[in-house]
Amino acid sequence: MNIDIKNEQKYLDKVMETISMQIKEVEVNAAKRKEDVIHIRKHFWDDIKMNMDTFDDFLETIIGMRQQTQDLSVSQSTHKHAYDRLSKLKLIEKSPFFGRIDFVEDGTSNSENIHIGVATITDETNELILIYDWRAPISSIYYDYPPGPAEYATPEGIIRGELYNKWQYTIKNGVIESMFDTNLTIGDEILQEVLGDGSNKHMHHIVATIQKEQNKIIRNVSGRLLVVQGAAGSGKTSAALQRIAYFLYKYRETLQADQIILFSPNAMFSNYVSHVLPELGEENMQQETFQNYLEHRLNRSFTIEDPYDQLEYLLESTDNPLYQTRKASIQFKSSSVFFHGIKRYREALELTGMVFKGIKFRGVTVVSAKQITERFYTNDPSLNFHNRMDQVRDWLMKEIDHIEKIEMKKSWVREEMELLSKEELQKVLTQLKENDDVDESSFEFYDKEEQILSRMIVRRKLKPLRRKVAALKFINIKRLYKQIFEESVSATIWNEHDFPAYWREICLLTRGMLDEDHLFQEDATPFLLLKELIQGFQSNTSIKYVLIDEAQDYSVFQFEFIKQLFPRARMTVLGDFNQAISPHTDHFTDFHSLTSLYGSDETEQITLDRSYRSTKQIIEFTRELIPEGEQIQAFNREGEKPVLVRVTDHADLHKNIISNVVKLQEREYPTIAIICKSAAEASCAYHSLRAIQGLKLIKKNTDEYQQGVLVIPAYLAKGIEFDSVIIYNASNQVYGEENLRRLFYTACTRAMHHLQLYSVGDPSPFLKNIQSDILDIRQEGFC
């Protein structure tokens, strides 16, 4: 069935006219609500009679204040609702919809013409829906079915019927530029156009081009854990962000954006994806990096190695004599074996092994560590661990009270009295006059004044000590963690076959690190877990959904910890093990181990094999770099073959790159990324290529994704795409080791339209068997 574009333009004009009218109405309403809020704030106290003479007067005052507060709260809420609605209307004003389906429900004969857009629009009566939100139940037909039998789920049950037509539009500034009959999938024509555009400094929503397999991720509401294994460029991150928008729509009565948290790989990535939800008229969820969380919890006591510093060490320090020890340490401390070993260790501490710090006041030990240990283990053994610890804390608080009485009589207190300010002395004098009917000239008055002053001085000095005891700071967590790496303790936690290679060296290295108040990246989460198990887990029960992107670089240990941190949350995990670059993932190929988090019944896994980011030629090349790469399907977008240029030395390399960048800039590519193996290589490349105008060096602390010509380490480029990618040096010397295959693949898959590789000398063995019809290989010289 053909649809007349003129009639569709008339419908579009009608919808836009309705939106324009609603904008005017909401603007007036929003302005009025704003005035109401300002008025209530300005005159908040005018109608409240402040009278505290009698209980009834006091009660009336409180009731008045409560009523004014409620009025203000209602006005603020109404104003926010109006403002949000206005923002959404203006967002879709010039392009209200992008698709249409013609659907006949079973048992009826009338075809419903369903237009689909970013938000719901009704007519002036508020009864007829002109545009359906893409998240509405009926809209799922648009993404999931070709013409023919179709169905969708509603709270009342499954609705079945016949889908007769499915159309997709491109609309710009209120004009339908094109319409496509999308019989099987969401139109390749529009997807081609979107993917063919240049990169942007922010990721944008994809609701007009969501594919069926992506829609399955977005609308999945079953189970506690959804695991998405997606090929590079498969749209898994975009789908996850639309998933958040879908949840905020579906559960809008019970779910707020601040009850969702996204763990991002770094601050630059967080900034890159920060515009997606606002584009859909939703507030942004919380975003955090796991490293920031660790530092928030631990950096007052330790310096914590950054995960990128850990990677940099492993990429650049292969000649270090401790390299193999460190690598084995990372893998073991990231494992579930180590996680459960720490839990067994905490259980064993109920019987023996607890280590405490003595309580000191003014440099003198007033309660020794030995006394605290004896108190802990002589408490009622039938009590659980934390109740016994609470008893020790209460006992220490009483001991501090006793110390206070003793210290009040000491000479140092009298010396401190003489240094008190006039304001402090006046405060005590006023207190005495108010509370005691005592003659100021009497000895009794003098004695009480001295007593109050003494108590005030001693309590002020003891306040930090009381605070530390209340926070269980008398437990020596560092020494307890260090004990794990002592032979007498570790032998009771793990079986002999559990220990990794280099175990003794790992123990020595870890103990030395702790002595310097430093935590390796692989020790930070285990240390925090032990701290939580001993002091009490600080779980967050307000978070309902947790999303983890680039999840292939999280350890099993970290997943276990996050599960305990957010015990009531459902989790969505997104990643690609072909891009796993952390050392603890060397022996993993999928997320199968995560099924143990919630059990197979509560876990669903979805695989995305189709890649959309890159041209067909780039995908055909990059899938040759990894095992089972043939499973990755390329979207049919034509482009140039990747090119490998061999050069003789670094001087020739830099001449070639500078010349190539100029040509690429002439092609008006918004973003050209020169991707290096490590930060060390990126720094050298940046200084050698400074002749390139506007060249930027991206570092681990770069907050904002920038367009232009960038020099960037491969591990910082994860999750981001570039119009053109230049692999700085794809030589055997740089990428000669098998454990760098995934890093190399990650770097190459960042390219959208153009991929150029250089090699100083012999190329990497990863390129050895790639055929000439997939990779254009050129000898040294200018390309």
Determine whether Gln331 and Glu522 satisfy the following criterion, side chain to side chain donor-acceptor pair (under 3.5 Å), listing intermediate values before the conclusion.
CA-CA 8 Å; Gln331 291 180 341; Glu522 63 269 23; over 6 Å; no

Pairing residues for Tyr686 by the ring pair (Phe, Tyr, Trp, His ring centres under 6.0 Å) criterion, not counting sequence neighbours:
none

Return the set of residues passing ring pair (Phe, Tyr, Trp, His ring centres under 6.0 Å) with Phe527 (not counting sequence neighbours), or none when no residue passes.
Phe302, Tyr481

Within this structure, what is the [atom1]-[atom2] distance for the pair [X] and [Y], rounded to the nearest 0.5 Å?
X      : Y      : atom1 : atom2 : result
Ile774 : Lys641 : CD1   : NZ    : 9.0 Å
Asp762 : Leu767 : CG    : CG    : 11.5 Å
Ile692 : Asn660 : CD1   : CG    : 9.5 Å

More than 12 non-hydrogen atoms from neighbouring residues, nucleotides or ligands closer than 6.0 Å to [atom1] on [X], yes or no?
X      : atom1 : result
Glu738 : CD    : yes
Lys699 : NZ    : no
Glu737 : CD    : no

Do [X] and [Y] have side-chain heavy atoms sitting under 4.5 Å apart?
X      : Y      : result
Lys333 : Phe557 : no
Ile657 : Tyr728 : yes
Leu314 : Tyr323 : yes

Just one of Tyr554, Phe566, Phe290 clears the ring pair (Phe, Tyr, Trp, His ring centres under 6.0 Å) bar with Phe559, so which one?
Tyr554

Using atom types as modelled and distance alone, determine if a side-chain donor or acceptor of Arg613 lies under 3.5 Å from a backbone N or O of Ala751.
no

Side chain to side chain donor-acceptor pair (under 3.5 Å) with Gln291: of His296, Gln521, Lys700, only one passes, and it is Gln521

Quick one, Asp553 with Tyr715, criterion side chain to side chain donor-acceptor pair (under 3.5 Å). Give me CA distance, side-chain angles, the key distance, then yes/no.
CA-CA 10 Å; Asp553 292 325; Tyr715 52 76; over 6 Å; no

List the residues meeting side chain to side chain contact (heavy atoms under 4.5 Å, CB included) with [X], not counting sequence neighbours, and say none if there are none.
X      : value
Glu550 : Pro265, Gln552, Lys718
Glu630 : Glu628
Ala680 : Glu312, Glu316, Ser678

Show every salt bridge (Lys or Arg N to Asp or Glu O under 4.0 Å) that has at least one partner inside residues 285-297, sequence neighbours left out.
Arg297-Glu532

Between the side chains of Gln229 and Gln605, does any donor sit under 3.5 Å from an acceptor?
no

Can you tell me if His654 and Arg690 form a side-chain donor-acceptor pair at under 3.5 Å?
no

Do Phe98 and Trp134 have ring centroids that are under 6.0 Å from one another?
no

Closer than 4.0 angstrom, basic N to acidic O: yes or no for Lys563 and Glu560?
no

For Glu604 and Asn220, run side chain to side chain donor-acceptor pair (under 3.5 Å): C-alpha distance rounded to whole Å, both residues' side-chain angles, the deciding distance at 0.1 Å, then the answer.
CA-CA 9 Å; Glu604 184 168 354; Asn220 184 293; 2.8 Å; yes

